[in-house]
Amino acid sequence: MSHDTTAPATGTDPSPAGASGAFPDGFLWGVAFAANQVEGGFDQGGKGLSQADVIPHRTAGDYVDISALMKASDATIAEAIASPGAAGYPKRSGSDFYGHWQEDVDLFAEMGLKALRMSIAWTRIFPTGIEAEPNEEGLLFYERLFTRLREKGIEPVVTMSHYEMPLHLVTVYGGWTSREVVGFFQRYARTIVGRYAGLVRYWLTFNEINTTLIEPYTGGGVIEREPAPGVDPRQAGYQALHHQFVASALATKIVHELDPAAQVGCMLARMSHYPASSDPADIVKAQFDNNMNLFHTDVQVRGRYSGTVRRFWRDQGIQVEMAPGDEELLAANTVDFLSFSYYMSLVSSVSPEKYGATGGNLFSTIKNPHLATTEWGWHFDPEGLRYVLNDLWDRYQVPLFIVENGLGATDVLEGAAADAATGGSDTRQVHDPYRIDYFVQHLRQVREAIADGVTLLGYTAWGGLDIISASTSQMTKRYGVIYVDADDAGQGSYDRVRKDSFHWYQQLVATNGAVLDAPS
Ligand code: BGP
């Protein structure tokens, strides 16, 4: 019998969704950012210091190994606390969304956006995390913002915790390694869900919850310290992650009780691992790496830890302390949808030394000879997004939501600002065809996945505005379709300039994706 060589259909599929899987009506086209990277105003409105406010801007050669950029030690934190201003700490000024939010929302409305995925800064609501009463000024800021968004027909999709917890909980409680932090988070979640019921209909609990194992400080507020003798250095990460799973389940329960009309999703940095060869050893390694990424969603969508991670704990001697009732709580409070970030794919092998390495989101990987890379070395793999969508849909059969995807690039600002003295008009512009091409190639694959039968709620492109990079703390690693006139040192007018991609994205939304067929 001959081998079946049928390839997956592309663009010609006669499925009921119509040729090439048109985007559904009501598709949530939007953009996405995070409070710690965009807001600034770190010392305004009663906000407390967060874990992100103490990460300085550092450089890292070729950005293949970025781990040093995201770490904090007792010494670096003390130094940061002693530095009163924003200079040297880019996330303290962000893109000054705190000062420009009305103008930015008007720009989003001009683009015709249907959704804005954003996060609430826990430190604007509970500055140290342990207060009995919330900070009213902080609550009001988001209330006004959500109200304005809704007035403009833009759905707020809100992350409760996006790499931004009160520094006090990090330095005094040990971040998420402390069980007490679960209680503080529960109070925070109850406060914001109660206050914004009816305004926020899509909640996400923890951003890229798998970061806690990869970058424990960024994901879980775990300061890097020498582990006690005989204790596996990964122990703290797994314990912190378990507490986050419990807190996520409690937050899910709170939303379902306080606002049954709202939905809750989890958020994973989905990193699909391809085997480097057809050597069965590489195949099994890739399967293991994928399952070690997906166990995070197994817990939040299926309600239980997978056999793969339980075996890993046994083999590695990792002890995760669980309180009585934790597993029942996880099982009873699973999410309504699964959201994820997709930037690139990775490669697995039992003999990685045979291959070169390249950079990536949160960690580096084996270089895939079939793929180009971005300026920061991330694999450029649009088809990988179709693969991920089908894989997640087949595994979980819950609605999916792409809440991050986009290209970090060094854009060039041309032209000059308006000059009152000479009467010169504002001629500033940014030509970013590479970003438009990135969106076109990824969204065509998203459309294929919809034709394959995947249920997808929406797509929010990362950045929207240029914001401070999570991993490198650079402003100049730009993702936005709106240019922000500021540099890595926080110098600039913070003026907003529409890039070419702004106008393209406006067409994308207006045509519900049909612009993807426009000749480039
Ligand atoms: C994801 C984070 C975002 C964002 C993005 C881009 O991991 O959820 O916060 O920053 O990656 O990465 P970076 O900013 O490091 O280029």
Side-chain angles (χ1 to χ4, degrees), residues 30-39 50-52 55 57-60 62-71 90-91 94-95 97 116-121 157-165 204-220 244 265-272 293 296 339-346 358-365 373-380 385 388 401-411 435 438 442 460-481 484 488:
V31 297
F33 52 52
N36 81 83
Q37 294 168 256
V38 75
E39 274 184 18
S50 81
Q51 69 185 110
I55 295 290
H57 176 236
R58 306 166 177 130
T59 54
D62 59 8
Y63 290 97
V64 169
D65 177 4
I66 51 158
S67 58
L69 303 180
M70 300 172 88
K71 295 208 172 9
K91 291 172 184 166
S95 311
F97 179 73
L116 172 64
R117 186 241 167 168
M118 50 169 288
S119 67
I120 291 177
V157 177
V158 179
T159 316
M160 297 177 181
S161 179
H162 192 136
Y163 300 164
E164 187 277 343
M165 71 188 295
L204 305 178
T205 56
F206 289 87
N207 180 66
E208 295 189 334
I209 199 165
N210 50 312
T211 301
T212 301
L213 292 183
I214 306 165
E215 287 292 343
Y217 178 78
T218 301
Q244 288 179 326
C266 56
M267 201 303 210
L268 179 77
R270 181 62 185 112
M271 298 157 172
S272 45
N293 177 248
H296 299 82
S339 80
F340 65 98
S341 61
Y342 179 85
Y343 291 96
M344 81 239 151
S345 52
L346 304 165
T358 190
N361 184 18
L362 298 169
F363 54 91
S364 57
T365 183
T373 56
T374 71
E375 278 178 76
W376 271 263
W378 296 14
H379 282 135
F380 181 76
L385 182 49
V388 160
F401 202 148
I402 303 169
V403 292
E404 291 186 28
N405 174 241
L407 175 69
T410 46
D411 299 332
R435 182 165 292 108
Y438 182 98
H442 283 78
T460 54
W462 182 249
L465 306 171
D466 292 337
I467 60 178
I468 305 294
S469 158
S471 56
T472 68
S473 291
Q474 294 166 295
M475 172 61 90
T476 50
K477 185 180 184 184
R478 299 178 186 275
Y479 283 88
V481 294
V484 173
D488 290 343

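The chain is numbered in sequence order, starting from 1. In this text, all values refer to a predicted model and were calculated from it rather than measured experimentally. Note that ligands are numbered from 1 as they come in the structure, with each ligand's atoms numbered from 1 the same way.
Between F401 and V157, the closest side-chain pair of non-hydrogen atoms falls below 4.5 Å. Within the 4.5 Å cutoff, the side chain of M344 has no heavy atoms near those of the W376 side chain. Between R117 and T159 the shortest side-chain heavy-atom distance falls below 4.5 Å.
Given atom 9 (O) of ligand 1, the protein heavy atom at minimum distance is Q37 OE1, 2.7 Å. Of the protein's non-hydrogen atoms, the one nearest atom 13 (P) of ligand 1 is S469 OG, 3.4 Å. When only non-hydrogen protein atoms are considered, atom 7 (O) of ligand 1 lies nearest to E208 OE1, 2.5 Å. The protein heavy atom nearest to atom 5 (C) of ligand 1 is Y343 OH, 3.3 Å. Here the heavy atom of the protein found nearest to atom 14 (O) of ligand 1 is A470 N, 2.8 Å. With hydrogens left out, the protein atom closest to atom 6 (C) of ligand 1 is Y479 OH, 3.4 Å, a heavy atom.
Judged purely by atom type and a 3.5 angstrom limit, K91 uses its side chain to pair as donor or acceptor with the backbone of A470. Under the 3.5 Å distance criterion, the side-chain polar atoms of N293 are matched with a main-chain donor or acceptor of A269. Side-chain N or O atoms of S95 include one that pairs as donor or acceptor with a backbone N or O of D466 at under 3.5 Å.
If you number the atoms of ligand 1 from 1 as listed, the ones under 4.0 Å from a heavy atom of K477 come out as 13 (P), 16 (O). Taking every non-hydrogen atom of H162 and a distance limit under 4.0 Å, the qualifying atoms of ligand 1 come out as 3 (C), 8 (O), 9 (O).
Taking any N or O of T472, backbone or side chain, none lies under 3.5 Å from an N or O belonging to ligand 1. Residue-to-ligand polar distances place E404 within reach of ligand 1: an N/O pair is separated by less than 3.5 Å. Polar contact check, I468 against ligand 1: no nitrogen or oxygen pair lies under 3.5 Å apart.
For W378, every heavy-atom contact with ligand 1 shorter than 4.0 Å involves the side chain, none the backbone. Proximity of S471 to ligand 1, defined as any heavy-atom pair under 4.0 Å, is shared by backbone and side chain alike. The part of N207 lying near ligand 1 is the side chain, judged by heavy-atom distances below 4.0 Å.
Counted by atom type alone, E208 and S341 present one or more donor-acceptor pairs between their side chains at under 3.5 Å. At a cut-off of 3.5 Å, with distance as the only test, a side-chain donor of Y343 or E404 sits close to an acceptor on the other residue.
Relative orientation of the F380 and H442 rings is perpendicular, given thresholds of 30° and 60° on the angle between their planes. Between W378 and Y479, the angle of the ring planes lies from 30° to 60°, which puts this pair in the tilted group.
Heavy atoms of M267 stay at 4.0 angstrom or farther from ligand 1.
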